[in-house]
Asks: 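Pasting a structure here, questions to come.
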Amino acid sequence: PNKTNVSNKKGLQTAAKVFMVIGIVVSALCSLIVLAFSNSTTTLSFFYYLIPLTWTIPMTAYYFNKCNNGEKVGVGFKICSLLFVNLIAGILMLVDQD
């Protein structure tokens, strides 16, 4: 492979990783904001905002492992990341041709 293509691929992967981490941080911050401004009737909402962390963290770890091992990431995973983790990260993953 061309050295420019390899560096572009690494750049897309790094950008996707950053946006996936941003997706995790935003999800966690939403739950903390709800907790900070909640009263006794909306405290349960805090837990509803934590639920997305149960799939965003494992999906991010999976993508990190695949990239670090040089393995291909499936199109289905990329689309799920686009829908459920971070829109920009999913688009970057789809643009990145394995």
Side-chain angles (χ1 to χ4, degrees):
N2 190 348
K3 189 171 185 168
T4 306
N5 290 341
V6 171
S7 65
N8 286 341
K9 180 176 176 150
K10 290 292 181 187
L12 284 173
Q13 289 177 349
T14 302
K17 288 177 185 179
V18 168
F19 280 107
M20 288 187 84
V21 170
I22 289 171
I24 291 172
V25 170
V26 167
S27 181
L29 285 176
C30 285
S31 64
L32 292 175
I33 289 170
V34 167
L35 181 64
F37 294 108
S38 67
N39 54 28
S40 61
T41 59
T42 60
T43 304
L44 190 58
S45 299
F46 166 70
F47 295 107
Y48 291 137
Y49 279 98
L50 287 180
I51 291 172
L53 292 176
T54 60
W55 64 80
T56 56
I57 292 172
M59 288 178 75
T60 302
Y62 176 83
Y63 185 67
F64 270 67
N65 288 336
K66 287 287 189 177
C67 290
N68 291 340
N69 294 334
E71 300 173 13
K72 291 188 175 187
V73 178
V75 175
F77 178 81
K78 293 175 181 181
I79 291 172
C80 287
S81 295
L82 181 142
L83 294 173
F84 300 117
V85 181
N86 188 292
L87 180 69
I88 298 171
I91 292 170
L92 289 171
M93 283 189 255
L94 286 169
V95 170
D96 180 23
Q97 298 295 323
D98 290 330

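Since the structure is predicted, the reported quantities are computational estimates derived from the model, not experimental observations.
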Asks: Go through the steps for N69 and F64 under the test side chain to side chain contact (heavy atoms under 4.5 Å, CB included), then give the verdict.
Replies: CA-CA 9 Å; N69 294 334; F64 270 67; over 6 Å; no

Asks: What's the spacing between Y62 OH and E71 CD if we round to 0.5 Å?
Replies: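 Interatomic distance, Y62 OH to E71 CD, rounded to 0.5 Å: 7.5 Å.
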
Asks: So, for K78 and L94, which heavy atoms are closest and what is the spacing to 0.1 Å?
Replies: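 Nearest pair, atom of K78 first, then L94: CB-CD2, 3.7 Å.
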
Asks: What are the two closest heavy atoms between F77 and M59, and how far apart are they?
Replies: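 In terms of heavy atoms, the two residues are closest at CZ-O, 3.3 Å.
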
Asks: At their closest point, which heavy atom of K66 faces which heavy atom of K72, and how far apart are they?
Replies: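 The answer is CD-O, 3.8 Å.
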
Asks: Do any side-chain atoms of residues 23-33 form donor-acceptor pairs under 3.5 angstrom with protein atoms, and if so which ones, sequence neighbours left out?
Replies:
residue : atom : partner : partner atom : Å
S31     : OG   : A28     : O            : 2.6

Asks: Any side-chain heavy atom of Q13 within less than 4.5 Å of one from V18?
Replies: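 No, side chains not in contact.
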
Asks: Indicate every side-chain donor-acceptor pair of residues 82-93 with a distance under 3.5 Å to a residue at least two apart or in another chain.
Replies:
residue : atom : partner : partner atom : Å
N86     : OD1  : I88     : N            : 2.9
N86     : OD1  : A89     : N            : 3.2
N86     : ND2  : F19     : O            : 3.1

Asks: To the nearest 0.5 Å, tell me how far K10 NZ sits from D96 CG.
Replies: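 Separation between the atoms: 9.5 Å.
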
Asks: Quick one: CD1 on I51 to OG1 on T56, what's the gap to the nearest 0.5 Å?
Replies: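 Answer for the CD1-OG1 pair, I51 versus T56, is 12.0 Å.
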
